[in-house]
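Take a look at the structure set out below.
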Amino acid sequence: LNISAILDACRLTGAEAVHPGYGFLSENPDFADALDAAGLVFIGPRASAIRAMGLKDAAKKTMEQAGVPVVPGYHGEEQDYGFLAKQAELIGYPVLIKARAGGGGKGMRRVERGEDFGDALEGAQREAQAAFGDSSVLIEKYITAPRHIEIQVFGDGKGNALHLFERDCSLQRRYQKVIEEAPAPGMTEEMRAAMCNAAVRAARAINYTGAGTVEFIVDASDGLRADRFYFMEMNTRLQVEHPVTEAITGYDLIEMQLHTARFGTLPFGQEELAVFGHAIEARIYAEDPERGFIPATGILHHLSLPSGVRVDTGVKEGEEISPYYDPMIAKIIVHEQTREIALGALRTALDKLRIAGLTTNKRFLAELAAHPDFAEGRVDTGLIERNHAALAKPLEYSAITASLAALVRLGIPQKPGTDPWQSLTGWRAWGTAEQTTQVMFRDRTLEAKVTIKDPLSFSVRIGDDTTDMRFRTFEAGKIVEINGRGMRVGLRRVPEGVYVFLGGNAYSFRFPELSFSEQSDTAGDSIVSPMPGAVKAVMKKAGDTVSTGEALIVIEAMKVEYTLTAPRDGIIDDIAVMERDQVSDGAILITLSP
C-alpha cells in the first residue's frame, strides 16, 4: 500500500512496469497516476477509468448512458437518514444497502423491513468508512432469486474491446465468492450475447485498457432471460477467479495484460475466442463455517495439495495465517469436458487436500460440491444461506478416528527396527497389559484403553467400542487394516494434538492433561472475542441493563464485521476495550452481572 516505496523499488531495479495483482493498489487511481508521472507503465486501466467505476453511483449513471441495464434504486449524493429511508420505501422492500466506494461484500446490508433500516444503514456506513474511507451508500432493489454472472472484458485503451465469455459466481457467503464456474449453468446463446455485448459497451464507454470484469446481477426467478440482467459494478483489475476463464478459452490473461500494456493492442480478435469444456474454482479459506465463517488463524502445520489439477496458492507449510490479510489459503481449479465430470474432479481434489493446524472450509466445500441443487445447476446467491445448517454440520469423531489419535498420543506404532525390545508385545502371565490415555475431540474427553498385540497390531477400547488395527505401511498415506478392512489413513502430529485424515475429512484431536478444572460458576458472564481483530463499535456503557441477544460490540477481522450479543439478561459490569483497540482471540471484552 506504500506508493512511494514501490516507486523507489522500481527505480532501484530498473523496472519498466508494475503489475498490481488483484488486491492492495490494483484499483487505486492515485497509484496509476503516480506511476504515469514517474514514466512507468501501470499494467491496468488508466486512472480515469478506475475513477469512473470506483464509485457505484457514478458508475451506474455512466452505464445507463451507455445503454447497459441497471438495477432500480437510488444512486444520488444525498445521505440523510430520513431521505434514504424514504427512498427505500419508494423502491420497495427488500432492499440492499451498498457502499458506493467499493465491493467484496463490505458495507453491504440486506434489509427486509422498514423498522430494520436504521440499524442496517448505520452498520453499512461504518463498515464502508473503515474499508474505503467513504461512508456514502446507495440503495437498490433486492432481487429475490439473484444470480451473480460476470463477463471478462479486455480493452486496448483506444476504444476497442472484446469479451472472454461469462463466469457464474453465485455461490457466496457474506456476499463473498467461494465457488466460481464457467460457463454459467443454463446459459443460453441469446442471454450470453446480450450480456457480453452489454459488457463490451461498458468497457468502450470508459475507454478501458487491459483486463476488467463487468459484474451483473441476474433475476433468475423465471430462468435466464435476456431482459433480466442488471449492471452491478465493474472491477477494474484482474479477478481472483480468472483461472476458470483461462481454462475454458485456453488463453493466459496475465500474458494478455502484459501484451496490451506493452504494445497498446489486443492480442487477437473476438472471432478467435470460443468456449471449451467446463471449469470450476473453489477457494480454500482459513475460516469456520460452523461459526458463521469466522476467519481462523494459526500455523499451517501441514499442507498437502492435490495433484492433477491446477492449484494457485501463496502460502506454504509452516507459515502463519494471520488476522491481517485475506484468509485464503489456495484456489483449486478443475477443467473437464462437461460440468458433470468437472464436479466429480472437484470432489476428488477436495478429498485429496490435507490441511492441519487450523480450521478451514474444506469440508464445507465438499458438502457444497455434492449438494443436489448445485449439482443440477440450480444456483443463486442465497443457496448457501438457505442450506447453511446442512452444509456446515459439525464433523463427528468415530471410534476409529479416536483410536488412531490415541495410538499417536502413546507414540505407537513405531517403524520396525533392529532393537529387540521393540518386538515385545507386553505379554503378562496374569492377563493382558493395557495402556490408558486420553484424547479430546472438541470439548469431549475420551478415554482409550490400548492393548498391544504385536509391534504393528493393536486393540483400542473407547467406551463400548473396540477397534482392532494392523498397520501395513508407515508412509504419509498409511495403509491400516481396521476391523479387517484396509483403509488409507493420514496422521499428522501438531503441537496441541493430532490430525487424523480419513475418508476425505480431517479430524482434529487434542491431547489434554490428565485432570481438568471444572468450569467457572461465572460462565456466561463474559463476552469474549471469537478471533483476533479490531473493535469497531461499542454500543453500551458500564451500568446499562441488557437483554439476551442485544447487540453489545462489533469486532472486525479480515474485512468482515461480527456483532457480539448478550448471552443472557444482565447489567454491564465492565467494558475492557474501546473502539479501535486490537484484541486477541479469547480476550474478555465485556463482563455482566445479574
Side-chain angles (χ1 to χ4, degrees), residues 1 22-30 49-64 70-88 91 93-112 116-143 146 148 150 169 172-177 212-217 230-237 239-240 293 295 326 381 533-534 536-537 554-563 579-580:
L1 291 173
Y22 42 66
F24 301 108
L25 296 170
S26 60
E27 292 182 284
N28 187 312
D30 295 336
I50 299 175
R51 289 191 175 98
M53 294 292 102
L55 297 178
K56 288 188 175 70
D57 50 357
K60 284 181 168 58
K61 292 175 184 175
T62 302
M63 292 300 101
E64 283 183 300
V70 301
V71 180
Y74 174 71
H75 308 131
E77 296 291 332
E78 180 62 60
Q79 294 293 304
D80 176 71
Y81 163 75
F83 178 83
L84 291 177
K86 180 65 175 176
Q87 293 301 311
I91 294 166
Y93 288 98
V95 299
L96 198 61
I97 303 172
K98 299 172 69 174
R100 75 170 184 170
K106 297 180 288 295
M108 187 180 293
R109 298 289 190 279
R110 186 176 79 195
V111 191
E112 302 286 346
D116 298 330
F117 185 81
D119 288 343
L121 177 64
E122 182 182 348
Q125 289 176 328
R126 181 175 60 247
E127 197 170 277
Q129 180 64 41
F132 313 116
D134 183 350
S135 64
S136 299
V137 298
L138 49 86
I139 315 294
E140 290 182 347
K141 178 67 178 174
Y142 182 78
I143 297 171
H148 180 140
E150 60 191 30
C169 306
Q172 304 177 7
R173 85 286 184 267
R174 294 184 173 274
Y175 301 107
Q176 293 182 323
K177 306 162 187 173
T213 302
V214 183
E215 300 193 349
F216 294 101
I217 194 77
Y230 309 98
F231 174 83
M232 187 164 56
E233 64 181 346
M234 183 175 185
N235 284 298
T236 53
R237 55 172 169 81
Q239 292 284 91
V240 176
F293 302 100
D326 190 281
T381 58
K536 303 304 293 183
V554 177
I555 302 292
E556 182 192 55
M558 296 180 181
K559 305 185 294 186
V560 181
E561 284 191 359
Y562 300 87
T563 300
E579 288 187 14
R580 295 190 294 277

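Just so you know, these numbers come straight off a predicted model, no measurement behind them.
Applying the side chain to side chain contact (heavy atoms under 4.5 Å, CB included) rule to F83 yields the partners Y74, E78, D80, Q87; only residues at least two apart in sequence or on another chain are considered. By the salt bridge (Lys or Arg N to Asp or Glu O under 4.0 Å) test, E77 pairs with R100, sequence neighbours left out. Listed by chain and number, the residues in a salt bridge (Lys or Arg N to Asp or Glu O under 4.0 Å) with E579 amount to none (sequence neighbours excluded). For the salt bridge (Lys or Arg N to Asp or Glu O under 4.0 Å) test, residues two or more places apart in sequence or in another chain that qualify with E112 are R110. Residues passing the side chain to side chain contact (heavy atoms under 4.5 Å, CB included) test with P29 are A47, I50, R51, sequence neighbours excluded. Every residue two or more places apart in sequence or in another chain that forms a salt bridge (Lys or Arg N to Asp or Glu O under 4.0 Å) with K177 is listed here: E150, E215, E241.
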message: Between D134 and L55, is the side-chain contact (heavy atoms from CB on, under 4.5 Å) condition met? List the steps.
response: CA-CA 10 Å; D134 183 350; L55 297 178; 4.0 Å; yes
task: Determine, step by step, whether M53 and M63 satisfy the side-chain contact (heavy atoms from CB on, under 4.5 Å) criterion, reporting the C-alpha distance in whole Å, the side-chain angles of both residues, the deciding distance to 0.1 Å, and the verdict.
output: CA-CA 9 Å; M53 294 292 102; M63 292 300 101; 3.6 Å; yes
message: Evaluate Y175 against M108 for side-chain contact (heavy atoms from CB on, under 4.5 Å), listing each step before the verdict.
response: CA-CA 8 Å; Y175 301 107; M108 187 180 293; 3.2 Å; yes
- request: Please assess V240 against Y22 for the test side-chain contact (heavy atoms from CB on, under 4.5 Å), listing each intermediate value before the final yes or no.
  value: CA-CA 7 Å; V240 176; Y22 42 66; 3.6 Å; yes
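The residues R237 and E27 are annotated as salt-bridged, a charged nitrogen and a carboxylate oxygen being separated by less than 4.0 angstrom. Using a 4.0 Å cut-off between a side-chain N of Lys or Arg and a carboxylate O of Asp or Glu, E233 and K60 do not qualify as a salt bridge. Using a 4.0 Å cut-off between a side-chain N of Lys or Arg and a carboxylate O of Asp or Glu, E127 and R109 qualify as a salt bridge.
Closest approach of A131 and K106 over heavy atoms only: CB-CD, 3.9 Å. In this structure, T236 and A49 approach most closely via the heavy-atom pair CG2-O, 4.1 Å. Contact between I91 and G73 at its shortest, heavy atoms only, is CD1-CA, 3.6 Å.
Between F117 and Y81, the ring planes are tilted. Angles from 30° to 60° get that label.
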